[in-house]
Amino acid sequence: CRARDRQVNSNLLRGVRAVIQADSDPARQVLFDNLSRSHVSVRLAHGLHERLGHGWAGALFVCGYGLATYLRIAPPRARGARVLAVAKHANARRQIARVLAWVGDVDGASVRTGTRALGLESVRAFGLLLVGGRIPTAYRIVRRLDARHGFLVACRGADVLAWYARMHAILVRRRPGAVLVSSDAQPEELGCAAAARALGVPTVFVSHAYPTPYLPPLDFSLSILEGEAALDIRRQRGPIRGQVLLAGVEGESAPLEVGRFEAPNPVVGIFTPKALSWETLSAIVDDCRRHFRARRILIRWHPSMLEPPGLSHLLTDPAGVEESPRTASLAEVAGQCDWVVAGESSNVHLQVLKLGIPTVSVKGLGLYPESRADLYGFSAGGIIFPPVASLREIRPDDLRAFFSDCWRTRFARYDASYLRPHASIGAEVRRAVRALLDGRAQAGQDA
């Protein structure tokens, strides 16, 4: 039993350490500051915690947050699913759906979260939590995180503990063939994967955002990545465990049409980051109107915006400026644009460029510290045009030269599916996932 407990603790603490590294990063701290300013509930909770201090009272407050997370996790209503998926954010849910569509007739279901998950199952789960006697251990971990790393890291650590404990119970009861996650830095996915590893359940990972150099080492039974460049970044973090497939970036492919940038009176798309500089956005809109004579400016808000989006933040004269519907896909919005503007640390460059639509990167559109400006390495890797302080710096000849110089070869390192048929990639993923499930089923029969 002690050996098993050590294995459990090892998997759980690995997830906690990943949260410490991710949420102590200056970029994540900036995002939290933005979230606090724009959401009264977060600001009040943070303020109350600071009044309580970083001792026992503050730790109990954070533990209450972790308990609320725990009670709002429930198994899927559908029983017998061979793949259990965990994904809270819109981009992650989209990648989960992508993998399940590839796998085809294998039953997959998502773990339920939020207030809709509350019910008899939550009451039963709380009883199990009390009987299990793990609460004092969780409290000690949270108190240490709070004292050493502060409110954000402590809350995220409490989330990992909650997800680990709840998913451990769900996996024991449901016994799926595999779990599927789309992040290795968010608490929900970290806790889920840690519980699966502790129980020997295969783990499948599909990336929902390009990797940064600050992620934990890759450790899944099967990892589905975008391309060789992503694999190189992962190798820098440490040894890669498990099988790796390069399935590319989501979406259809088309050869890049650099000439779109020279369209007279263009339609310009502005795809915002989740934490946004309104001042920079206003300057971009002004440049599109005055310098490029844009007949239409289409703003696509990030699906996980930290501030409530709206043109009222931005313009006294909204003529010619539109917000795309929140239900519209990235491809649907980009398809209406001659070219697109995004931040230098934005993942959308890949998806838009893949559609054959040129992009421009503007410095300071996202609220990141300068040390994290080229967060994904797109500029250093030579797949996006060097970021500019103002759109007025862009010259069509420079843009054409940049994208004509072996750009397709450079881009293919970041997107293994570029200009390749989807069917062959989907078949590779389907075979790999089914092999995992079949191996899990055989292991169960042997046991």
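One-based numbering along the sequence shown.
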**Prompt:** Quick check: does any side chain N or O of Ser282 sit under 3.5 Å from a backbone N or O of Trp278, one acting as donor and the other as acceptor?
**Reply:** no

**Asked** Which residue pairs satisfy the salt bridge (Lys or Arg N to Asp or Glu O under 4.0 Å) criterion with at least one member in residues 52-66, sequence neighbours excluded?
**Response** none

**Asked** Under the 3.5 angstrom rule, does the side chain of Ser36 hit a backbone N or O of Phe32 as a donor-acceptor pair?
**Response** yes

**Prompt:** For Ser277 and Gly364, which heavy atoms make the closest approach, and how far apart are they?
**Reply:** CB-O, 3.2 Å

**Prompt:** What pairs of residues pass the salt bridge (Lys or Arg N to Asp or Glu O under 4.0 Å) test when at least one of them lies in residues 237-251, not counting sequence neighbours?
**Reply:** Arg94-Glu250, Asp219-Arg241

**Asked** Could you walk me through whether Thr203 and Val181 pass the side chain to side chain contact (heavy atoms under 4.5 Å, CB included) check?
**Response** CA-CA 8 Å; Thr203 53; Val181 299; over 6 Å; no

**Check: Thr359/His349 side-chain N/O donor and acceptor closer than 3.5 Å** = yes

**Request:** Classify the side-chain pair Ser379/Glu344 by whether it contains a donor and acceptor separated by less than 3.5 Å.
**Result:** no

**Message:** As a test of understanding, state which of Leu48, Val40, Val42 forms a side chain to side chain contact (heavy atoms under 4.5 Å, CB included) with Leu44.
**Reply:** Val40

**Message:** Is any side-chain heavy atom of Val268 closer than 4.5 Å to one of Val340?
**Reply:** no

**Request:** Kindly compute the distance separating OH (Tyr376) from OG (Ser346), expressed to the nearest 0.5 Å.
**Result:** 7.5 Å

**Asked** Under the side chain to side chain donor-acceptor pair (under 3.5 Å) rule, what pairs show up with a residue in residues 59-69, not counting sequence neighbours?
**Response** Tyr65-Asp159, Thr69-Asp159

**Message:** Could you work out, with salt bridge (Lys or Arg N to Asp or Glu O under 4.0 Å) as the rule, every residue matching Arg93, not counting sequence neighbours?
**Reply:** none

**Request:** First locate atom CD of Glu252, then atom CG of Leu419, and finally report the distance between them rounded to the nearest 0.5 Å.
**Result:** 11.0 Å

**Request:** Verify side chain to side chain contact (heavy atoms under 4.5 Å, CB included) between Leu180 and Leu84, making sure each step is shown before the conclusion.
**Result:** CA-CA 6 Å; Leu180 172 60; Leu84 284 189; over 6 Å; no

**Distance-minimising heavy-atom pair for Leu100 and Gly108** = CD2-CA, 4.2 Å

**Message:** For residues 37-65, which residue pairs pass the salt bridge (Lys or Arg N to Asp or Glu O under 4.0 Å) check, not counting sequence neighbours?
**Reply:** none

**Asked** Would you call Val83 and Val103 a side-chain contact if the rule is heavy atoms closer than 4.5 Å?
**Response** no

**Partner set under side-chain contact (heavy atoms from CB on, under 4.5 Å) for Ala57, not counting sequence neighbours** = Leu52

**Message:** When you compare the side chain of Trp163 with that of Thr113, does any pair of heavy atoms fall below 4.5 Å?
**Reply:** yes

**Prompt:** Under 3.5 Å, side chain of Arg166 to main-chain N/O of Ala162, donor-acceptor pair present?
**Reply:** no

Identify each donor-acceptor pair in which a side-chain atom of residues 146-154 lies under 3.5 Å from a protein atom, sequence neighbours left out, and give them as a table.
residue: Asp146; atom: OD1; partner: His49; partner atom: NE2; Å: 3.0
residue: Asp146; atom: OD1; partner: His54; partner atom: ND1; Å: 3.0
residue: Asp146; atom: OD2; partner: His49; partner atom: NE2; Å: 3.0

**Prompt:** Taking all non-hydrogen atoms of both residues, which atom of Leu276 and which atom of Leu281 are closest, and how far apart?
**Reply:** CD2-CD2, 3.7 Å

**For Gln186, the option from Lys88, His208, Arg156 that meets side chain to side chain donor-acceptor pair (under 3.5 Å)** = Arg156

**Prompt:** Tell me, do Val142 and Leu161 make a side-chain contact under 4.5 Å, heavy atoms counted?
**Reply:** yes

**Request:** Could you please spell out the steps behind the side chain to side chain contact (heavy atoms under 4.5 Å, CB included) verdict for Leu330 and Arg300?
**Result:** CA-CA 8 Å; Leu330 181 145; Arg300 177 186 182 267; 3.9 Å; yes

**Asked** How about Val352 and Trp339: do any of their side-chain heavy atoms sit closer than 4.5 Å?
**Response** no

**Request:** Examine distances only and state if a side-chain atom of Ser221 and a backbone atom of Pro202 form a donor-acceptor pair shorter than 3.5 Å.
**Result:** no

**Asked** Any idea which heavy atoms bring Val201 and Pro176 closest together, and the distance?
**Response** CG1-O, 4.1 Å

**Item:** Side chain Gln29, main chain Asp23, donor-acceptor under 3.5 Å
**Value:** yes

**Asked** Is there a donor-acceptor pair under 3.5 Å between the side chain of Asn347 and the backbone N or O of Tyr210?
**Response** yes

**Residue list, side chain to side chain donor-acceptor pair (under 3.5 Å) with Gln336, at least two apart or on another chain** = Arg296

**Aromatic centroids of His302 and Phe271 separated by under 6.0 Å** = no

**Item:** Straight-line distance of Leu367 CG to Asp33 CG, nearest 0.5 Å
**Value:** 10.0 Å

**Arg197 to Phe220 six-membered ring, cation-pi geometry met (6.0 Å, 45°)** = yes

**Residues which pass side chain to side chain donor-acceptor pair (under 3.5 Å) with Glu323, listed by chain and number, not counting sequence neighbours** = Trp301

**Request:** Measure from the side-chain N and O atoms of Ser424 to the backbone N and O of Pro421, and report whether any donor-acceptor pair falls under 3.5 Å.
**Result:** yes

**Asked** Backbone N or O of Asn34 within a donor-acceptor pair of the His39 side chain at under 3.5 Å?
**Response** no

**Prompt:** Checking Asp415 side chain against Lys354 main chain: does a donor-acceptor pair fall under 3.5 Å?
**Reply:** no

**Message:** Is there a side-chain contact between Leu245 and Leu225 in this structure, where contact means two heavy atoms from C-beta onward sitting under 4.5 Å apart?
**Reply:** no

**Message:** Just to verify, what does Tyr418 make a side chain to side chain donor-acceptor pair (under 3.5 Å) with, not counting sequence neighbours?
**Reply:** none

**Request:** Apply side chain to side chain donor-acceptor pair (under 3.5 Å) to the pair Glu189 and Ser182, showing each step before the final yes or no.
**Result:** CA-CA 7 Å; Glu189 285 95 342; Ser182 188; 5.9 Å; no

**Request:** Identify the two heavy atoms, one from Ala74 and one from Val111, that lie closest to each other, and give their separation to 0.1 Å.
**Result:** O-CG1, 3.2 Å

**Message:** For a side chain to side chain contact (heavy atoms under 4.5 Å, CB included) check, start with the C-alpha distance between Ser207 and Glu226, then their side-chain angles and the critical distance, and finish with the verdict.
**Reply:** CA-CA 8 Å; Ser207 179; Glu226 300 90 338; 3.0 Å; yes

**Message:** Donor-acceptor check, side chain of Arg112 to backbone of Pro76, threshold 3.5 angstrom: yes or no?
**Reply:** no

**Request:** Applying salt bridge (Lys or Arg N to Asp or Glu O under 4.0 Å), name anything that partners Arg434, two or more places apart in sequence or on another chain.
**Result:** Asp105

**Request:** Any pair with a residue in residues 178-188 that passes salt bridge (Lys or Arg N to Asp or Glu O under 4.0 Å), sequence neighbours left out, goes on the list, sorted by first then second residue, please.
**Result:** Asp184-Arg234

**Request:** Locate the shortest heavy-atom distance separating Arg28 from Ala22; write the atom from each residue and the value.
**Result:** CB-O, 3.5 Å

**Message:** Once rounded to the nearest 0.5 Å, what's the spacing between atom CG of Leu353 and atom CD1 of Ile384?
**Reply:** 8.5 Å

**Prompt:** Would you say the side chain of Ile299 lies within less than 4.5 Å of the side chain of Ser324, judging by non-hydrogen atoms?
**Reply:** no

**Request:** Answer yes or no: is there a side-chain heavy-atom contact under 4.5 Å between Cys337 and Leu298?
**Result:** yes

